[in-house]
Amino acid sequence: MQNSVVIIPTYNEIENIEAIIKAIFSESNDIHVLVVDDNSPDLTALKVKELQEPYSDRLFLEIRKEKSGLGTAYIHGFKWCLERSYEYIFEMDADFSHNPKDLIHLYNACKIDGSDLAIGSRYVTGVNVVNWPMSRVLMSYLASKYVRLITGMKIHDTTAGFVCYKRIVLESLDLDKIKFIGYAFQIEMKFKAYLKKFKIIEVPVIFTDRTKGESKLSSGIISEAIFGVISMKLKSVFKK
């Protein structure tokens, strides 16, 4: 996986960060990792700094002043990556809900199958979610159906956070105009790529809920996604 980098946003992921970094590096000798940490009180960043000694040429760390949202963390990471020569830029959670072994499948979807944006999809072949309560499975599944209906995107897992972008996609988007900071950020990025007619492929993956650390999902994040999608769609219509 040459010219590839995985962006991992973190806030209080001390229980997971070392294991996920080592698991990613075990999948490829070429892939790099960028951790964007929001000044975690549990000293996640300090653990990353310790790991930089054996992985000095592959592991990078950006520390932000405070917790500022998932979307802004990824935007920070995207800009960092675009200043360098990476061709394939991944989004991935720190908590093992995304399996590092699936990185190669997303990479191949872009490198071999010609996708501009590859999505690790929980719903393209049914419902592939492990250890979630039924209420959360239904919420996530119906949210993706709702987004698909409102936006017209032919994507089954519109809220997925495990993706691979080709460089050209991120270069074509005005990252400073990405509005959402929570999970709606994932929807907005896909929608902007969809409007620019980039080729999008969904790769089936199994999503496993975290076993360590705490989820960052909140009612505010959910509200942003529900109401933000309508606003996003209307703006795209008026622009036309």
Side-chain angles (χ1 to χ4, degrees), residues 7 9 69-75 77-78 89-93 95 97-99 102 105-106 109-110 113 115-130 132 134-166 169-170 172-175 177-209 215-237 239-240:
I7 303 173
L70 180 74
T72 59
Y74 273 126
I75 295 298
F78 291 156
I89 300 166
F90 294 80
E91 294 182 8
M92 188 176 184
D93 290 347
D95 60 8
S97 56
H98 305 144
N99 190 337
D102 288 322
H105 302 306
L106 297 183
C110 291
D113 299 332
S115 174
D116 298 306
L117 167 57
I119 300 170
S121 178
R122 297 164 289 186
Y123 306 128
V124 70
T125 58
V127 179
N128 295 319
V129 178
V130 178
W132 262 7
M134 184 56 66
S135 59
R136 188 167 178 186
V137 172
L138 284 172
M139 181 183 69
S140 174
Y141 180 77
L142 293 175
S144 282
K145 289 287 188 183
Y146 163 78
V147 173
R148 182 172 170 149
L149 176 66
I150 297 296
T151 63
M153 290 191 290
K154 305 303 180 185
I155 298 173
H156 293 85
D157 195 352
T158 53
T159 60
F162 190 22
V163 300
C164 177
Y165 292 96
K166 274 187 178 175
V169 178
L170 298 178
S172 74
L173 302 180
D174 188 343
L175 297 176
K177 290 186 177 180
I178 299 298
K179 176 182 177 182
F180 299 118
I181 62 173
Y183 282 86
F185 162 82
Q186 302 292 2
I187 302 168
E188 185 176 7
M189 289 293 293
K190 295 177 184 68
F191 188 57
K192 294 289 178 66
Y194 166 80
L195 291 177
K196 288 184 174 289
K197 302 187 183 304
F198 283 110
K199 183 177 180 180
I200 301 173
I201 292 178
E202 287 187 88
V203 178
V205 300
I206 296 175
F207 178 97
T208 304
D209 195 21
S215 171
K216 312 303 188 294
L217 190 66
S218 69
S219 59
I221 288 173
I222 296 169
S223 297
E224 178 192 61
I226 292 172
F227 297 109
V229 168
I230 298 175
S231 172
M232 187 176 66
K233 176 63 176 178
L234 288 174
K235 285 181 180 178
S236 73
V237 171
K239 281 184 179 180
K240 288 182 181 180

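Note that the coordinates shown come from a computational prediction; the quantities given were computed from them, not determined experimentally.
Side-chain contact check for T72 versus F185: every heavy-atom pair is 4.5 Å or farther apart. Side chains of D157 and V124 form no contact here, defined as non-hydrogen atoms less than 4.5 Å apart. Taking 4.5 Å as the limit, some side-chain heavy atom of K199 sits within range of a side-chain heavy atom of D116.
Listed here is the closest heavy atom pair of F90 and L106: CE2-CB, 3.9 Å. Scanning all heavy atoms of the two residues, the minimum distance from I119 to A160 falls at CG2-CB, 3.6 Å. Of all the heavy atoms in I201 and A109, the pair that sits closest is CD1-O, 4.0 Å. Scanning all heavy atoms of the two residues, the minimum distance from T159 to R122 falls at OG1-NH2, 2.9 Å. Taking all atoms of both residues into account, the shortest heavy-atom contact from D102 to F162 is CB-CE2, 3.7 Å. Smallest separation of non-hydrogen atoms from I178 and K192: CD1-NZ, 4.0 Å.
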| task | Apply side chain to side chain contact (heavy atoms under 4.5 Å, CB included) to T208 and N99, showing your working. | result | CA-CA 8 Å; T208 304; N99 190 337; over 6 Å; no
| Checking side chain to side chain contact (heavy atoms under 4.5 Å, CB included) for the pair V205/H98: CA distance, chi angles, key distance, verdict? | CA-CA 8 Å; V205 300; H98 305 144; over 6 Å; no
| query | Going through the distances and angles, do M189 and L173 end up as a side chain to side chain contact (heavy atoms under 4.5 Å, CB included)? | reply | CA-CA 9 Å; M189 289 293 293; L173 302 180; 3.8 Å; yes
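Between the Y194 side chain and the I200 main chain, no donor and acceptor come within less than 3.5 Å of each other. With hydrogens and angles disregarded, a donor-acceptor distance shorter than 3.5 Å links the side chain of E202 to the backbone of H156. A donor-acceptor pair is defined here as one N or O able to donate and one able to accept, closer than 3.5 Å; no such pair exists between the side chain of S140 and the backbone of V137.
Heavy-atom neighbours of Y141 OH from other residues, nucleotides or ligands within 6.0 Å: at or below the threshold of 12. Applying the 6.0 Å contact sphere to CG of L138 captures more than 12 heavy atoms from other residues, nucleotides or ligands.
Using cut-offs of 30° and 60° for the angle between ring planes, the F78 and Y165 rings count as perpendicular.
Separation of atoms OG (S144) and CE (M139) is listed at 10.5 Å; rounding is to 0.5 Å. Once rounded to the nearest 0.5 Å, the distance linking CG of L142 with CG of L149 reads 12.0 Å. A distance of 12.0 Å separates CG of L117 from CD1 of I89, quoted to the nearest 0.5 Å. To the nearest 0.5 angstrom, K190 atom NZ is 14.0 Å from R148 atom CZ. Going from atom CD1 of I155 over to atom CZ of F191 covers 10.0 Å, rounded to the nearest 0.5 Å. One finds the CD1 atom of I7 at 13.0 Å from the CE atom of M92 (value rounded to the nearest 0.5 Å).
Checked by atom type, the side-chain pair S97/D95 shows a donor-acceptor distance below 3.5 Å.
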